Number of protein chains: 2
Amino acid sequence: MLSSIIFYSLDKAIRQYRKLAQANIDRAGIAITIDQWLVLRVIQENDDLTQSDIGDRVFKDQASVARIIRLLLDQRLLTAEPLPHDGRRTRLRVSLLGQQTLDAVQPVVLQNRSIALEGLSEADIRLVRDLLERIYQNCLPPA
Amino acid sequence: MLSSIIFYSLDKAIRQYRKLAQANIDRAGIAITIDQWLVLRVIQENDDLTQSDIGDRVFKDQASVARIIRLLLDQRLLTAEPLPHDGRRTRLRVSLLGQQTLDAVQPVVLQNRSIALEGLSEADIRLVRDLLERIYQNCLPPA
DNA sequence: GCAACTTCAATGATACATCATACACCTCTG
DNA sequence: CAGAGGTGTATGATGTATCATTGAAGTTGC
């Protein structure tokens with residue numbers, strides 16, 4: 001049945017893409033995971049987000065973000081200093097090493113995308129994106 | 001950039017679908033995860049597969065399948081008896097409880113799919129599937 | 001038959017997902 | 001200002017992903 005394999009294809013495609021992406025990052029000698037990279041990039045763009053805010057942007061929950069940030073801090077890709085006006089939070093900033101890592105990953109990511117999307121037109125991509133967005137909306141809880 | 005959000009949409013859609021699917025299984029009072037269900041179903045259809053074979057069919061690696069099978073055995077959804085002609089393997093079979101679980105999940109899965117795919121035509125679905133398959137192929141290692 | 005190779009399953013290490021909870025800290029309201 | 005409720009972070013429990021390795025068991029070649 002057709003509807004039974006669409007989610008299989010979805011799963012298969014995203015997983016294979018992640019494998020390719022991670023393999024190419026590894027091959028470039030960069031010690032970071034895709035998910036850590038996603039979070040690091042968000043923090044670079046905006047260093048005043050809560051963990052939940054970050055989670056919204058990378059589609060992860062707060063607990064996952066918390067653990068990823070911990071790893072980024074352990075690896076010195078991120079620094080944290082207490083925020084004076086809110087004792088619960090810290091100000092996270094991308095370190096120099098973190099910056100260098102982001103710079104190194106950037107071209108790899110671009111190349112990964114172009115490999116993955118080879119043979120797909122702009123229109124194809126737009127269509128897939130729209131249909132996926134529709135599926136996403138359909139799956140949202142009634143609220 | 002368009003290409004930068006296609007993978008985001010992909011990720012988002014599949015995750016939200018999995019959330020919906022799991023939530024509805026939970027709500028139906030069935031104690032199984034999506035991934036366990038996938039594996040159990042494959043074993044039901046063919047009870048003479050190696051863990052790697054099963055992995056190929058559900059797009060998981062052997063290690064993941066091994067752990068999922070262990071959980072299915074622990075929960076008595078599966079039985080294992082030694083195979084006489086190969087001391088490394090066991091014959092896995094879906095237990096009565098496993099069968100009942102599969103039967104109970106089936107309608108929930110169908111409903112999940114129809115919820116998720118509401119508003120998408122057959123042609124849309126086919127197109128998405130084909131484009132995702134193309135992406136998958138593009139991401140395969142050079143071999 | 002034995003050595004070399006291959007196959008199969010289990011498991012350790014590490015990372016992420018999800019749900020739930022705990023706890024500290026903030027804010028608002030009476 | 002005190003208590004109630006909301007927000008932000010950390011962490012436990014459980015499940016899955018990925019890579020690597022181990023060890024047992026099968027197979028092949030000679």
Side-chain angles (χ1 to χ4, degrees), chain A residues 11-12 14-27 31-40 43 48-56 58-75 77-78 80-92 141, chain B residues 11-12 14-27 31-40 43 48-56 58-75 77-78 80-92 141:
Chain A
D11 204 54
K12 211 171 66 161
I14 189 73
R15 279 186 212 239
Q16 198 61 39
Y17 175 69
R18 289 177 71 95
K19 272 186 205 172
L20 168 76
Q22 189 65 58
N24 283 339
I25 288 174
D26 293 348
R27 192 168 314 127
I32 195 171
T33 67
I34 308 274
D35 294 301
Q36 288 168 12
W37 171 75
L38 283 169
V39 169
L40 191 58
I43 293 172
D48 192 32
L49 297 175
T50 67
Q51 291 183 354
S52 299
D53 290 338
I54 296 172
D56 290 344
V58 295
F59 212 75
K60 295 178 186 303
D61 73 347
Q62 177 266 326
S64 297
V65 172
R67 281 160 177 137
I68 290 172
I69 286 174
R70 170 108 321 273
L71 290 173
L72 290 171
L73 287 169
D74 290 348
Q75 297 173 241
L77 301 181
L78 220 50
E81 27 178 331
L83 272 179
H85 61 284
D86 190 336
R88 297 166 300 181
R89 305 182 47 194
T90 60
R91 178 185 178 102
L92 297 173
Chain B
D11 204 55
K12 212 171 66 162
I14 190 74
R15 279 185 211 237
Q16 198 62 39
Y17 174 69
R18 289 176 72 94
K19 272 186 207 172
L20 168 75
Q22 190 65 58
N24 283 338
I25 288 174
D26 293 348
R27 191 169 314 127
I32 196 172
T33 68
I34 306 277
D35 293 299
Q36 289 168 11
W37 171 75
L38 283 169
V39 169
L40 191 58
I43 293 172
D48 192 32
L49 297 175
T50 67
Q51 292 183 353
S52 299
D53 290 337
I54 296 172
D56 290 343
V58 295
F59 212 75
K60 296 178 184 302
D61 74 345
Q62 177 265 325
S64 298
V65 172
R67 282 160 177 138
I68 289 172
I69 286 175
R70 170 105 323 272
L71 290 173
L72 290 171
L73 287 169
D74 291 348
Q75 299 172 238
L77 302 182
L78 219 50
E81 26 180 329
L83 271 178
H85 61 284
D86 192 335
R88 295 166 301 182
R89 305 181 49 195
T90 60
R91 179 187 177 100
L92 297 173

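Not measured: the values here are computed from a predicted model. Proteins get letters first, then strands, A, B, ... in listed order; numbering begins at 1 in each.
- Contacts of Q22(A) with the nucleic acid, taken as non-hydrogen atoms under 4.0 Å apart, are absent.
- Minimum interatomic distance between Q22(B) and T33(B) (heavy atoms only, all atoms of both residues): OE1-CA, 3.4 Å.
- Contact check for I14(A) versus K12(B): no side-chain heavy atoms found under the 4.5 Å cut-off.
- Along DNA chain C, the nucleotide closest to D61(A) and the one closest to R88(A) are compared, and the more 5′ of them pairs with D61(A).
- Taking Q16(A) as the reference, nothing meets the side-chain hydrogen bond (donor to acceptor under 3.5 Å, both in side chains) condition, with sequence neighbours excluded.
- When the options I32(B), I68(B), L92(B) are evaluated for a side chain to side chain contact (heavy atoms under 4.5 Å, CB included) with L40(B), the one that passes is I32(B).
- Checked against side-chain hydrogen bond (donor to acceptor under 3.5 Å, both in side chains), Q36(A) has no partners two or more places apart in sequence or in another chain.
- When DNA chain C is scanned in the 5' to 3' direction for atoms under 4.0 Å from non-hydrogen atoms of chain A, the outermost contacting nucleotides are dA15(C) to dC26(C).
- Each of L49(A) and R18(A) lies near DNA chain D, and the nucleotide nearest L49(A) is the one positioned closer to the 5' end.
- Over its length, the helix from dG1(C)-dC30(D) to dG30(C)-dC1(D) turns its helix axis by 10°, as judged from the five terminal pairs at each end, rounded to 10°.
- Applying the salt bridge (Lys or Arg N to Asp or Glu O under 4.0 Å) test to pairs two or more places apart or on separate chains, those with a residue in residues 59-74 of chain A are D35(A)-K60(A), R70(A)-D74(A).
- Annotation: salt bridge (Lys or Arg N to Asp or Glu O under 4.0 Å) contacts of D86(A) (sequence neighbours excluded): R88(A).
- Map G87(A) and Q36(A) each onto its nearest nucleotide of DNA chain C; the residue landing nearer the 5' end is Q36(A).
- The stretch residues 64-74 of chain B comes close to DNA chain D through S64(B), R67(B), I68(B), L71(B), each having a heavy atom under 4.0 Å from the strand.
- Nucleic acid contact class of D35(A) (heavy atoms, under 4.0 Å, all strands): sugar-phosphate only.
- If you check every strand for non-hydrogen atoms under 4.0 Å, D86(B) touches sugar and phosphate atoms only.
- Residues I69(B) and I54(B) meet the side-chain proximity criterion, which asks for heavy atoms closer than 4.5 Å.
- The distance from the CG atom of L78(A) to the CG atom of L73(A) is 5.0 Å, given to the nearest 0.5 Å.
- For D53(A), the side chain to side chain contact (heavy atoms under 4.5 Å, CB included) partners at least two apart in sequence or on another chain are L49(A), T50(A).
- Heavy-atom contacts of chain B under 4.0 Å fall on DNA chain D between two terminal nucleotides, which in 5' to 3' order are dG15(D) to dG26(D).
- With sequence neighbours excluded, the residues satisfying side chain to side chain contact (heavy atoms under 4.5 Å, CB included) with N24(B) are L20(B), R27(B), V108(B), N112(B), I115(B).
- In terms of the side chain to side chain contact (heavy atoms under 4.5 Å, CB included) criterion, residue partners of Q62(B) (sequence neighbours excluded) are, by chain and number, Q51(B), S52(B), A66(B).
- Annotation: side chain of R18(B) is in contact with side chain of D11(A) (closest heavy-atom distance under 4.5 Å).
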